[in-house]
2 protein chains.
Amino acid sequence: MSVPAVGKLQKQTFGARIADALRKAIFAGDLVPGSALIETALAEQFGVSRGPLREAIRQLIDEGLLVQVPFSGTRVTELSESAIREIYSLRTTLEMFAFRLAWDRRDAAFRLEMLQRQQALLAAIDSADELECIRREMHLHSLVYEAADHQLLLEIWGGLKGRLQLYLAANYLAHGRHGPRRTGHDSFVAAALGDSWPVMEAEILQHMRLGSEETERFLKARKEQVDA
Amino acid sequence: MSVPAVGKLQKQTFGARIADALRKAIFAGDLVPGSALIETALAEQFGVSRGPLREAIRQLIDEGLLVQVPFSGTRVTELSESAIREIYSLRTTLEMFAFRLAWDRRDAAFRLEMLQRQQALLAAIDSADELECIRREMHLHSLVYEAADHQLLLEIWGGLKGRLQLYLAANYLAHGRHGPRRTGHDSFVAAALGDSWPVMEAEILQHMRLGSEETERFLKARKEQVDA
DNA sequence: GGTTATTTGTTCGTATGTATG
DNA sequence: CCATACATACGAACAAATAAC
């Protein structure tokens with residue numbers, strides 16, 4: 001006798017679940033970039049021992065959300081302009097690669113899924129749930145990485161995605177909007193479903209350039225605010 | 001009073017040092033792909049507790065050298081043809097990206113360092129120390145990633161390098177040679193020090209294609225051997 | 001198919017080393 | 001230089017899940 005309502009939530013290790021919770025706390029702004037994490041306090045807070053907590057921390061370090069210096073401590077990754085430039089430049093390269101691999105594998109299911117994810121993104125924008133917007137945007141872009149049938153690429157995209165979300169979340173939290181967003185993915189989706197590779201190539205470059213510029217602008221403004 | 005002879009070997013955590021030892025054991029063939037790691041035994045063998053050992057394991061998992069299934073166990077990553085194709089295709093993309101970034105940053109120091117690393121590789125080949133050959137080859141290729149001034153790229157290259165070494169080491173261990181190797185990097189180095197980007201681009205593609213083909217050939221032969 | 005070993009996952013208490021004020 | 005807070009590490013133990021019999 002199965003229990004369909006409960007689902008398969010049970011078979012994770014503690015570490016994985018704590019990692020999820022920490023990730024959520026960081027994206028939600030409960031843990032602000034630069035703040036220190038103290039193991040004992042967090043362990044008690046989550047109701048677990050230091051072992052699983054350390055594993056969760058380790059995982060988030062690999063995702064780029066936390067930085068650790070031995071014997072000193074763990075902190076939420078600081079935002080920096082050079083880091084965001086690195087993220088977008090690498091992402092441009094990888095997403096181009098992903099589209100190249102996926103280009104001839106696009107079928108009806110791919111197109112349907114792409115449109116559904118776009119719809120979900122639009123719904124999230126309308127609901128004004130900032131964090132959900134970010135998740136949906138990432139989910140939309142993830143499709144091509146999934147379609148590329150390249151395990152290693154997908155894994156690296158996962159790491160990049162985490163870092164990216166850190167910046168997008170900070171941007172959202174600072175001022176509730178994200179820019180001209182409702183139509184922001186129209187041309188991207190159109191190109192991704194279209195038949196012209198040069199158009200897709202140009203669209204990726206343009207899309208990444210816009211994203212990078214907006215995030216850099218936000219960081220600069222944030223920096224001036226701190227200096228003042 | 002300092003002790004210069006000892007050097008700064010002391011400030012790592014146990015986990016990091018165990019990870020180094022495990023890595024070496026894997027590349028040396030002491031831990032063969034597919035073999036299981038049992039925590040208690042390894043902990044005793046290294047003279048540490050299970051805590052630090054688990055951290056070391058975790059680290060090697062992130063590097064792609066080990067795979068773990070919850071509650072079941074940890075094993076050395078199996079070799080597969082699809083994985084090697086992924087490694088080389090991604091590496092082609094990333095190394096092209098790295099060279100594009102580093103291209104205009106190449107100075108006298110870069111050229112000197114490149115030649116020195118090539119010399120070190122040749123010396124290792126002459127000494128017939130297989131594992132040293134791999135390290136030197138990786139070290140040579142690492143230069144462009146270092147010169148690209150891109151922290152994130154360097155980090156990802158580190159992960160890729162580990163996976164790559166796993167295959168190269170298996171190849172070496174199977175049959176002591178690696179192919180036509182002494183002149184194998186001549187054209188690569190020449191292109192990297194030259195002034196023609198198209199030549200460099202073609203060289204990367206060619207170099208990666210050769211490497212991928214040889215490793216795939218080795219894997220196919222190895223598979224047939226197992227089947228027989 | 002059920003039982004039992006083995007191994008991982010986790011906890012707790014404690015000790016030690018390191019960094020920071 | 002000292003004191004304190006915290007990270008790191010140990011070791012024994014129990015729980016949970018897999019795997020083999």
Side-chain angles (χ1 to χ4, degrees), chain A residues 1-3 6-23 25-26 31-63 65-78, chain B residues 1-3 6-23 25-26 31-63 65-78:
Chain A
M1 208 192 303
S2 67
V3 188
V6 174
K8 47 177 179 179
L9 294 157
Q10 216 58 29
K11 215 168 299 183
Q12 290 177 100
T13 66
F14 280 30
R17 269 196 301 224
I18 296 165
D20 288 341
L22 275 178
R23 214 179 284 116
I26 292 172
L31 288 170
V32 73
S35 62
L37 279 73
I38 58 177
E39 290 184 358
T40 53
L42 281 176
E44 188 175 10
Q45 186 176 329
F46 283 114
V48 296
S49 170
R50 291 170 206 81
L53 185 87
R54 284 177 66 85
E55 275 198 50
I57 287 178
R58 172 122 215 125
Q59 191 169 328
L60 294 199
I61 289 171
D62 299 327
E63 294 177 18
L65 269 47
L66 302 178
V67 289
Q68 191 173 45
V69 303
F71 297 104
S72 175
T74 308
R75 299 175 164 277
V76 181
T77 306
E78 299 264 18
Chain B
M1 210 193 302
S2 68
V3 188
V6 174
K8 48 178 178 179
L9 294 156
Q10 218 59 30
K11 217 170 295 185
Q12 289 178 98
T13 65
F14 277 35
R17 267 196 301 225
I18 298 166
D20 288 341
L22 274 179
R23 214 178 284 115
I26 292 172
L31 288 170
V32 74
S35 61
L37 279 72
I38 58 179
E39 291 183 359
T40 52
L42 281 177
E44 188 176 12
Q45 185 176 331
F46 283 114
V48 298
S49 167
R50 276 178 66 202
L53 184 89
R54 284 173 65 88
E55 274 199 51
I57 288 178
R58 170 110 214 157
Q59 191 169 327
L60 294 199
I61 290 171
D62 299 327
E63 293 177 20
L65 269 48
L66 302 178
V67 289
Q68 191 172 45
V69 300
F71 298 102
S72 174
T74 309
R75 299 177 164 275
V76 180
T77 307
E78 298 263 18

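So that the names make sense, note that chain A is the first sequence line, chain B the second, and so on, each numbered from 1. Please read all numbers here as calculations on a predicted model, not as lab measurements.
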If you measure from the Lys or Arg side-chain nitrogens to the Asp or Glu carboxylate oxygens, is any gap between A/Asp20 and A/Arg23 under 4.0 Å?
yes
For the side chain of A/Ile38, counting heavy atoms from C-beta on, which of C/dT10, D/dA9, D/dA7 is nearest?
D/dA7
Trace of the side-chain contact (heavy atoms from CB on, under 4.5 Å) decision for B/Thr74 with B/Val67
CA-CA 6 Å; B/Thr74 309; B/Val67 289; over 6 Å; no
Base, sugar-phosphate alone, or nothing: which one does A/Ile57 contact when heavy atoms must sit under 4.0 Å apart?
nothing
With a 3.5 Å cut-off and just heavy-atom distances, do the side chain of A/Arg50 and the base of C/dG13 make a donor-acceptor pair?
no
Out of C/dT8, D/dA7, C/dT11, whichever nucleotide has its closest atom nearest the side chain of B/Arg54:
C/dT8
Regarding the side chain of B/Phe71, the nearest nucleotide among C/dT10, D/dC10, D/dA17 is D/dA17
What's B/Val69 touching, base or sugar-phosphate or nothing? Going by heavy atoms closer than 4.0 Å.
nothing
Nearest to the side chain of B/Gln68 - D/dC10, C/dG9, D/dA9?
C/dG9
Using atom CG of A/Leu53 as one end and atom P of D/dA9 as the other, report the distance to the nearest whole Å.
15 Å
Whole-Å distance, A/Leu66 CG to D/dA7 P, equals 13 Å
Looking only at side-chain N and O atoms, does B/Arg58 offer a donor or acceptor that is under 3.5 Å from a partner on B/Gln68?
no
Over all strands shown, is B/Leu42 touching base, sugar-phosphate only, or nothing at heavy-atom distances under 4.0 angstrom?
nothing
Pick base, sugar-phosphate or nothing for B/Gly73, based on heavy-atom distances below 4.0 Å to the nucleic acid.
sugar-phosphate
Output the rounded distance in Å from CD1 (A/Ile61) to P (D/dA7).
12 Å
Heavy atoms under 4.0 Å, any strand shown: does B/Glu44 hit a base, just sugar-phosphate, or nothing?
nothing
For B/Phe14 and D/dA7, what is the distance between atoms CZ and P respectively, to the nearest whole Å?
18 Å
Atom CD of B/Glu55 and atom C1' of C/dG9 are separated, to the nearest Å, by 15 Å
So do the side chains of B/Val32 and B/Val76 get within less than 4.5 Å of each other, counting heavy atoms only?
no
Nearest 0.5 angstrom please: B/Arg17 CZ to B/Gln12 CD, how far?
6.5 Å
Closest to the A/Ser72 side chain: C/dG9, C/dT20, D/dA7?
C/dT20
Could you give the CZ-to-C1' distance, from A/Phe46 to C/dT10, as a whole number of Å?
17 Å
